[in-house]
Amino acid sequence: MAELPLTGVRVLDITVVWAGPYCTSFLADLGAEVIRVETINTFVPLGRGSMAHPTEAMLKSLGSFAGGTPNRQPGKRPWNRFPLFNAHARNKRSVTLDLLRPGGMEIFKRLVRISDVFVENNPTETMEKLGISYQLLKEENPEIIMVRMPAYSNDGQYQNYRAFGLHIEGVVGHTLLRGYEDMDPTANSSVLMSDATAGTQGAFAVMAALHYRNRTGKGQLIELSQAENVLPFMGQPFLDYSMNGRSASTIGNRHPSAIQGCYPCRGEDRWVTITIFGDGDWDALMEVMGNPEWASDARFQDAMGRYHHQAEIDRHIAEWTSVRDNYEVMHLLQGLGIAAGPVLDQRDAYQDPHLEERGIFEEVTQEDAGTHRYPTTPYRLSEIPMPVRRGPVRLGEDNEYVYKTLLNYSDQEYAEFERQGHIGMDYADEVP
Amino acid sequence: MPDLALEDVKVLDLTQHIAGPYCTKLLADYGADVIKVERPGVGDSTRGMGPFPGDVPHLERSGIFLHLNTNKRGITLDLKTQAAANVIKELAAGVDILVENFRPGTMERFGLGYDDLHEVNPSLVMTSISNFGQTGPYRDFRSAEIMVYGMGGEMYSTGLDEREPLKLGVNVHLYQGGGVAAVATMGALFASRLQGVGQHVDVSLMETQIGSIDRRMSMLLTYQYTGDVLGRSPLGTSGYPNGVYPCADGYFQITGSRNYFPRAVRMMGSPEFLEDPKWHEPEAQSDPELQEEFEPMFLMWTLEQSKYEAWHTAQESRVLSAPLNTMEDLAHDPEFLRRGAFTRINHPEAGPLDYPGRPFIMSESPWSIRRPAPLLGQHNGEVFSGLGYCTDDLARLRALGTI
């Protein structure tokens, strides 16, 4: 049996929130030993939760997204129960050390010496405050690959600009390219596509650099600006501006040439999308709808006419879909070769027969969070199975392994680090 | 010529449209030698998509095609012919990676399924990108952009609770799927190079959405943990100021509520009306009456400024914020320009144009544009002669319509 492709690659991970952790989750899935370097003395909001020691009432007031721990209970260690973190934390390890306390930097340097890759996604000044730079890493380990993923850049005016994915998407123009076509941008909701983009392409960057190092022996610095990283996704509208000086705006759920929409189905908040590409699709749809009277309207006899009167057609389609189940509409129309599919909510996804057969969810047990079904690696390799090897990592779970096995510290030194506040599996009581 | 990260990697590219070509563009732009195979006469479907200069359709001037196919060499082949299948096998024998995104089953019909190719090249990485994957009950379903957002679940969480779910901007999920395919392909390349193991990589666009960090994975897990099905409410970032506001020349987005409220007050220059302690009580951010009082005052602040002024002022107080840029704004952003985030490429038919540039900067093995997107069949001569075909062979294949 072949080994996981990145077996033997060690990655140090000081990433926060989503973009950086998503990058290292790809590497961990592929077999790299990803070690999250964390501290028990400060808490990063939206890292392992909204706060270190939330009460049950606080979790409830935060709502399910930011407060959705199992059964909405904090449990003994709420930081190991946070779904926004646990979603990307499979197959990783966690060590605690505090770079700001005496001895912290020396432990960190020892880790750098035995690692291949270092990944971070903080504002530039945060790394400066911690005293971490490419120069420093290179002195400890000339072959290290350092990946920095600032929101905009590690230099210039925007180097410390604060952003979540939703802000980055505003800057690169994506926000104005989506939204309801009949509402202004103040109605736009938040999406965080650029986190996914940066994480994905960050993992690609690491592997490109590892491949290069395998050939040349050289490490390097990679600067992945999360904003610049998503620019290629804007290719079509950007080239339209380059060619024609035009700035595209949202087309809502429309298609540039087909009849397309998202239509209500039977039940509460149930929806199906339908795309009618040409005459064949249209005729088939009309037939399954029983060749209704309204369809004989002269304006609907060719694709151009239908395109220009979509709003009217939408109402008729919606009337037909609204008394049907969304999966029923999918099977009915797919049987005729028409592109139609339900809008899956979370419950649907876990019950969907296709995802079930594809094995996209896997049951995973983690001591503090219990046993649940997790979304896993979003692709399959035919010769190398990639089951979840370790559940979402708990804070400080691998302290013994990292300090004693990897760094060869003695039991005595370990106890001393523990006393100094480097080592633990609990946030210090005074951390909010 | 600097070293390129993937300059020793050879790729045979049978993809078209967006996800597949974006995957191979990533490989090509970081140095791989990519040979792209297109249908004779018409080529990749994106050659017909545009945008086009002056909106005049032209096979060699489609913006999306030119963008997605930089650094690739292009040949033409009618894959339905036995002669073409033979050529593909000859090419596949000499490459590391083959990427395709036909409907599942198509490659087998061409006589080019994984087993056929594995036979000519046991360490080959074959990456197949499809809407629903190579197996499963939806394998052969017809798809559309909006459908992948819908079935990937991302769409359920986008838009307003009281309205229909909304898709994202044009085709971004196809780029994301292409990026995931590039990651999976690199993983398989490591196994091929280091262990001699070839394999078939199966990428389903639906699953790249289900497994996306953009809300999907965490919302799925939240459902597992709590049983809650979250709708289209904006991520629990309630309170004020929060969301998109109009300003003097467009729109400005801010996340200045709750924990960030003190920073927002500083950003506004600590106005007198916000000195009242009522704004700083723990419950203030959840009080609809206070919010109603706050919003018009805040609007007065935003409306006086341009979106860039508001952005820079907010960032001085470390408030999460952004201008909502148009493509025109983006193309003129001084920092993006200073950093060289866009790149000018001269193409023989489309002329010099600005394109989106490098997705990340490698200090030792840089991203580079070595050639613009290929003309249809531009490299037939050199690629076929590389396989040992002579001029007469080429003429015969051309007469048969194979190339």
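Since the model is a prediction, treat every value here as computed from it, not as a measurement.
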- Could you give the distance from CD (B:Glu7) to OH (A:Tyr212), rounded to the nearest 0.5 Å? 8.0 Å
- Bottom line for A:Leu333: the part with an atom under 4.5 Å from chain B's heavy atoms is neither
- Ignoring hydrogens and geometry, is there a side-chain-to-backbone donor-acceptor pair from A:Ser247 to B:Glu328 under 3.5 Å? yes
- Query: Between A:Ser382 and B:Gln199, what is the shortest heavy-atom contact and its length?
  - Reply: OG-CB, 3.2 Å
- Query: Counting heavy-atom pairs under 4.5 Å to chain B, which of A:Val230, A:Leu177, A:Asn229, A:Ile274 comes out on top?
  - Reply: A:Asn229
- Under a 4.5 Å heavy-atom cutoff, which of B:Gly178, B:Gly153, B:Ala184, B:Gly211 has the most pairs with chain A? B:Ala184
- Atom group of B:Tyr149 that falls short of 4.5 Å from chain A, counting heavy atoms: neither
- Task: Please tell me if the side chains of A:Pro342 and B:Met151 come closer than 4.5 Å, counting only heavy atoms from C-beta onward.
- Result: yes
- chain B contact via A:Tyr152 - side chain, backbone, both or neither, heavy atoms under 4.5 Å: both
- From the list A:His354, A:His174, A:Met183, the residue making the most non-hydrogen contacts under 4.5 Å with chain B is A:His354
- Item | Mutual orientation of the aromatic rings belonging to A:Tyr158 and B:Trp311 [parallel < 30°, tilted 30-60°, perpendicular > 60°] | tilted
- Item | Pair B:Arg142-A:Asp281, salt bridge (Lys or Arg N to Asp or Glu O under 4.0 Å): steps then yes or no | CA-CA 11 Å; B:Arg142 191 142 177 231; A:Asp281 284 355; 2.8 Å; yes
- Item | Of A:Asn86, A:Thr69, A:Asn71, the residue whose pairing with B:Tyr225 passes side chain to side chain donor-acceptor pair (under 3.5 Å) | A:Asn86
- Item | Heavy-atom contact with chain B under 4.5 Å, split by part of A:Arg213 | neither
- Heavy-atom proximity to chain B below 4.5 Å, by part of A:Ile360: side chain
- Task: Kindly determine whether B:Leu330 and A:Tyr241 satisfy side-chain contact (heavy atoms from CB on, under 4.5 Å), including the steps that lead there.
- Result: CA-CA 10 Å; B:Leu330 173 66; A:Tyr241 177 75; over 6 Å; no
- Query: Between B:Leu189 and chain A, which part of the residue has a heavy atom less than 4.5 Å away: side chain, backbone, both or neither?
  - Reply: side chain
- What part of A:Thr186 is in contact with chain B, defined as an atom under 4.5 angstrom from a non-hydrogen atom: side chain, backbone, both or neither? both
- With a 4.5 angstrom heavy-atom cut-off, could you sort out which part of B:Ser212 is near chain A: side chain, backbone, both or neither? both
- Task: Check whether any side-chain heavy atom of A:Leu344 sits under 4.5 Å from a side-chain heavy atom of B:Tyr156, and report yes or no.
- Result: no
- Where is the tightest heavy-atom contact between A:Val171 and B:Ala322, given as atom of each residue plus distance? CG2-CB, 3.8 Å
- Message: Can you tell me which portion of A:Tyr350 sits under 4.5 Å from chain B's heavy atoms? Options are side chain, backbone, both or neither.
- Response: side chain
- With only heavy atoms counted, which part of B:Arg358 is less than 4.5 Å from chain A, the side chain, the backbone, both or neither? both
- With only heavy atoms counted, which part of A:Glu3 is less than 4.5 Å from chain B, the side chain, the backbone, both or neither? both
- Heavy-atom distances under 4.5 Å only: say whether B:Leu27 touches chain A with side chain, backbone, both or neither. both
- Task: Check whether B:Asp333 gets within reach of chain A through its side chain, its backbone, both or neither, counting any heavy atom under 4.5 Å.
- Result: side chain
- Check each atom of B:Tyr223 against the heavy atoms of chain A and say whether the ones under 4.5 Å are side chain, backbone, both or neither. side chain
- Angle class for the B:Phe342/A:Phe238 ring planes (parallel below 30°, perpendicular above 60°, tilted otherwise)? parallel
- Message: Just so I understand: if I count every heavy-atom pair under 4.5 Å between each of A:His88, A:Arg373, A:Lys218, A:Arg72 and chain B, which residue has the most?
- Response: A:Arg373
- Task: Enter the distance from B:Ile210:CD1 to A:Asp352:CG here, rounded to the nearest 0.5 Å.
- Result: 7.5 Å
- Message: Quick check on A:Ser153 against chain B: is it the side chain, the backbone, both or neither that has a heavy atom closer than 4.5 Å?
- Response: both
- Task: Might you point out which heavy atoms bring A:Leu84 and B:Ser218 nearest each other, and give the distance in Å?
- Result: CA-CB, 3.8 Å
- Please look at B:Phe141 and chain A and tell me whether the side chain, the backbone, both or neither of the residue comes under 4.5 angstrom of a heavy atom of that chain. both
- Query: Which atoms of A:Leu30 come close to chain B, meaning under 4.5 Å heavy atom to heavy atom: side chain ones, backbone ones, both, or neither?
  - Reply: side chain
- Spatial distance of atom CG (A:Asn214) from atom CG (B:Leu194) [nearest 0.5 Å]: 6.0 Å
- Residue pair A:Phe277 / B:Ala144: nearest heavy atoms and the distance that separates them: CZ-CB, 3.9 Å
- Counting only heavy atoms closer than 4.5 Å, note whether B:His312 contacts chain A via side chain, backbone, both or neither. both
- Message: Tell me the closest heavy-atom pair linking B:Pro165 and A:Val343, and the distance in Å.
- Response: CG-CG1, 4.2 Å
- Task: Identify which of A:Gly31, A:Ser194, A:Ser242 forms the greatest number of heavy-atom pairs closer than 4.5 Å to chain B.
- Result: A:Ser242
- Task: For B:Arg193 and A:His211, work out which heavy atoms get closest and say how close.
- Result: NH1-CE1, 3.4 Å
- Item | Which portion of B:Asn171 sits near chain A, non-hydrogen atoms under 4.5 angstrom | side chain
- Message: Just verifying a value: how many Å separate A:Met243 CE and B:Leu353 CG, rounded to the nearest 0.5 Å?
- Response: 5.0 Å
- Contacting region of B:Val9 [heavy-atom separation from chain A under 4.5 Å]: side chain
- Message: Is A:Phe26 in contact with chain B via its backbone, its side chain, both, or neither, using a 4.5 Å heavy-atom distance?
- Response: side chain
- Structural part of A:Glu383 lying under 4.5 Å from a heavy atom of chain B: both
- Going from CD on A:Gln220 to CE on B:Met362, what distance comes out if it is rounded to the nearest 0.5 angstrom? 4.0 Å
- Message: Tell me which of these, A:Thr250, A:Asp155, A:Asp184, has more heavy-atom pairs under 4.5 Å with chain B than the rest.
- Response: A:Asp155
- If one checks every heavy atom of A:Ala187 against chain B at 4.5 Å, the contacting part turns out to be both
- Quick one: does B:Lys167's side chain get under 4.5 Å of A:Arg178's, heavy atoms only? no
- Region of A:Glu357 in contact with chain B, defined by heavy-atom distances below 4.5 Å: side chain
- Heavy-atom contact with chain A under 4.5 Å, split by part of B:Gln176: both
- Which answer fits A:Leu355, side chain, backbone, both or neither, if we ask what part of it has an atom under 4.5 Å from a heavy atom of chain B? side chain
- Query: Can you say whether B:Arg318 sits under 4.5 Å from chain A via the side chain, the backbone, both, or neither, judging by heavy atoms?
  - Reply: both
- Query: To the nearest 0.5 Å, how far apart are CG in B:Asp228 and CZ in A:Arg347?
  - Reply: 10.5 Å
- Item | By side-chain contact (heavy atoms from CB on, under 4.5 Å) - contacts of B:Ser204 (at least two apart) | A:Arg358, B:Met206, B:Glu207
- Item | Proximal component of B:Thr135, with respect to chain A [non-hydrogen, under 4.5 Å] | both
- With a 4.5 Å cut-off on heavy-atom pairs, point out which of A:Asn253, A:Ile222, A:Asn188, A:Asp29 contacts chain B the most. A:Asn253
